[in-house]
There are 2 protein chains.
Amino acid sequence: MSRYDPSAFPPFAVTVDLVVLTVRDHELCALLVKRGEAPFQGYWALPGGFVRLDEGLAEAASRELAEETGLRAQSLPGSLPVGRAPAGAHLEQLATYGHPQRDPRMRVVSVAYLVLAPDLPSPRAGGDASSARWAPVRELFGEEREERNDGVLLAFDHGQILADGVERARSKIEYSSLATAFCPPEFTVGELRRVYEAVWGVVLDPRNFHRKVTGTPGFLLPSGGTTTRQGGRPAQLFKAGGATVLNPPMLRPEA
Amino acid sequence: MSRYDPSAFPPFAVTVDLVVLTVRDHELCALLVKRGEAPFQGYWALPGGFVRLDEGLAEAASRELAEETGLRAQSLPGSLPVGRAPAGAHLEQLATYGHPQRDPRMRVVSVAYLVLAPDLPSPRAGGDASSARWAPVRELFGEEREERNDGVLLAFDHGQILADGVERARSKIEYSSLATAFCPPEFTVGELRRVYEAVWGVVLDPRNFHRKVTGTPGFLLPSGGTTTRQGGRPAQLFKAGGATVLNPPMLRPEA
DNA sequence: GTGATTATCGTCAGAGAGACGACTAAGATC
DNA sequence: GATCTTAGTCGTCTCTCTGACGATAATCAC
């Protein structure tokens with residue numbers, strides 16, 4: 001840092017890209033927007049945009065999130081990598097991508113953020129519904145993926161960013177209470193279990209899951225009410241407790 | 001991304017900062033360099049520097065690492081956040097810091113990388129030995145920390161970056177075999193245990209530790225030889241095995 | 001009511017961790 | 001050389017947690 005003339009620094013563009021995940025219909029889904037212009041015109045991409053010179057990175061991510069989804073998200077001062085949005089969505093920094101050729105137009109460094117949100121009404125992208133969608137992650141990475149265009153699924157390196165975000169989410173719900181970020185403010189143990197099942201793509205034993213989550217101090221707080229919105233016997237409603245780390249963690253089944 | 005004229009993007013400076021950790025004398029230490037110029041002249045700071053327009057982020061981190069320590073480190077193509085340097089050092093992306101005022105001169109976004117290295121000879125910073133040192137992490141964060149200058153320990157937000165890097169290292173050796181990155185190519189179980197003890201700042205039971213690490217498939221490979229360099233009964237020498245994730249993890253003692 | 005569905009409680013066996021005793025094999029000291 | 005010290009290695013016991021799975025409870029659809 002001392003070898004350079006600070007007034008002659010190499011100029012970069014800095015963007016934020018958002019991996020917005022939610023659970024819809026037992027499936028982990030990611031928010032994608034359709035690009036209206038070159039490069040990658042017509043491709044699906046992660047929502048995102050340029051960071052302004054007077055805003056922080058998390059702040060820019062919150063702003064883009066609000067613009068693309070209407071989700072209000074708290075922008076945190078400084079460069080703290082983790083935050084919690086008031087609407088229940090969770091926002092945290094994922095990683096930064098800066099391959100010199102990742103954008104053919106210029107040198108762009110993109111700071112990716114991961115957003116975990118409860119199931120939302122259908123997306124809007126600046127009011128244009130046809131240009132945004134919730135894409136099931138399985139479709140994008142499973143064997144049944146329909147390759148698009150010249151074999152590239154997403155614009156730029158967004159396929160890699162999305163994969164990294166999905167992997168982060170999958171591993172993070174193991175040892176943190178973040179799975180509750182996919183749930184509405186009040187939820188049942190069964191609903192939380194279906195979140196785990198959707199994110200991990202596995203089936204969990206309802207009895208062991210119930211014992212585990214209700215037995216972990218601070219994970220769940222009984223909210224008093226019950227609901228039958230899932231059918232069957234009425235289930236207790238819970239809110240997310242104060243605990244953020246789970247010790248011992250939830251164990252993702254092998255294989 | 002579609003709302004802006006790409007030719008009029010806001011210009012940022014992008015730097016990499018390195019959190020280089022090693023274990024020396026039973027203590028976790030971080031590499032610091034002394035700043036020779038304003039701002040924060042005379043303060044200790046993390047090594048780092050500007051990213052060039054034609055190099056990737058990990059590549060820039062490797063280059064800076066080599067310049068500051070002589071450690072050769074493999075630069076990875078693209079934006080892959082994790083890599084392994086040939087000299088045995090581990091390099092991975094940590095987080096990105098971009099508060100608008102984090103550098104008083106201009107808008108700088110810094111991508112921090114975490115480097116875990118075996119104990120190295122004393123550092124050199126471009127040949128000037130007095131301007132680089134291994135600082136015990138305990139001195140920087142413990143109660144006994146001697147506040148420097150106007151109460152700020154490190155230049156810029158490097159105190160926060162270092163704290164994040166230390167926390168990443170502490171948690172990552174729980175569920176990965178990365179602790180071996182602090183060891184020479186061949187090491188004993190006791191040496192590995194002392195790494196855990198230094199990084200976590202705890203004392204571990206040698207017998208349980210031995211059972212755990214030798215019983216985890218793929219963690220350690222017997223290299224055949226023995227050594228008495230620690231005194232006492234000769235110990236078997238091991239190399240790092242192929243496993244990268246430990247399941248079940250090493251457990252960091254409570255409290 | 002009957003059956004389907006979901007929630008919740010209980011039991012049992014096995015894996016793994018913490019505590020700690022016991023033994024081994026080298027160098028250091030007398 | 002006898003003894004001490006240091007570290008390494010093997011075992012044992014107990015407790016906790018998990019996975020497998022039986023049993024019961026409370027609602028809805030018919």
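Letters A, B, ... are given to chains in the order of the sequence lines, protein chains preceding strands, and every chain is numbered from 1. The structure presented is a predicted model; accordingly, all values stated were derived computationally and were not measured.
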Check side chain to side chain donor-acceptor pair (under 3.5 Å) between [X] and all other residues, then give those that pass, not counting sequence neighbours.
X	value
B:Gln236	none
A:Glu27	A:Arg138
B:Asp205	B:Arg207
B:Arg252	B:Glu174

- Where does the chain A footprint on DNA chain C start and end, counting 5' to 3' with a 4.0 Å heavy-atom cut-off?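 In short, chain A contacts DNA chain C from C:dT5 to C:dT11.
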
- Message: Applying salt bridge (Lys or Arg N to Asp or Glu O under 4.0 Å), can you list everything that pairs with B:Arg168, at least two apart in sequence or on another chain?
- Response: B:Glu92

- Message: Going by salt bridge (Lys or Arg N to Asp or Glu O under 4.0 Å), name the residues that satisfy it together with A:Arg193, two or more places apart in sequence or in a different chain.
- Response: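 A:Arg193 satisfies salt bridge (Lys or Arg N to Asp or Glu O under 4.0 Å) with A:Glu197 only.
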
- Does the A:Arg133 side chain pair with the main chain of A:Leu32, one donor and one acceptor, at a distance under 3.5 Å? no

- Message: Side-chain N or O of B:Arg194 versus OP1/OP2 of D:dG8: is the shortest distance under 4.0 Å?
- Response: yes

- Item | Partner residues of A:Tyr196 under the ring pair (Phe, Tyr, Trp, His ring centres under 6.0 Å) criterion, sequence neighbours left out | A:Trp200, A:Phe209

- Task: If a protein heavy atom is under 4.0 Å from the base, mark B; if only from the sugar-phosphate, S; if neither, -; do that for nucleotides 25-30 of chain D going 5' to 3'.
- Result: BBB---

- Message: Expected output is a numbered-order residue list: members of residues 207-222 of chain B with a heavy atom under 4.0 Å from any atom of DNA chain C. What is it?
- Response: B:Arg207, B:Asn208, B:Arg211, B:Lys212

- Query: Which residue pairs satisfy the salt bridge (Lys or Arg N to Asp or Glu O under 4.0 Å) criterion with at least one member in residues 227-250 of chain A, sequence neighbours excluded?
  - Reply: A:Glu191-A:Arg229

- Item | Angle between terminal axes - the helix from C:dG1-D:dC30 to C:dC30-D:dG1, 5 pairs each end, rounded to 10° |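 Overall, the helix from C:dG1-D:dC30 to C:dC30-D:dG1 bends by 10° from one end axis to the other.
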
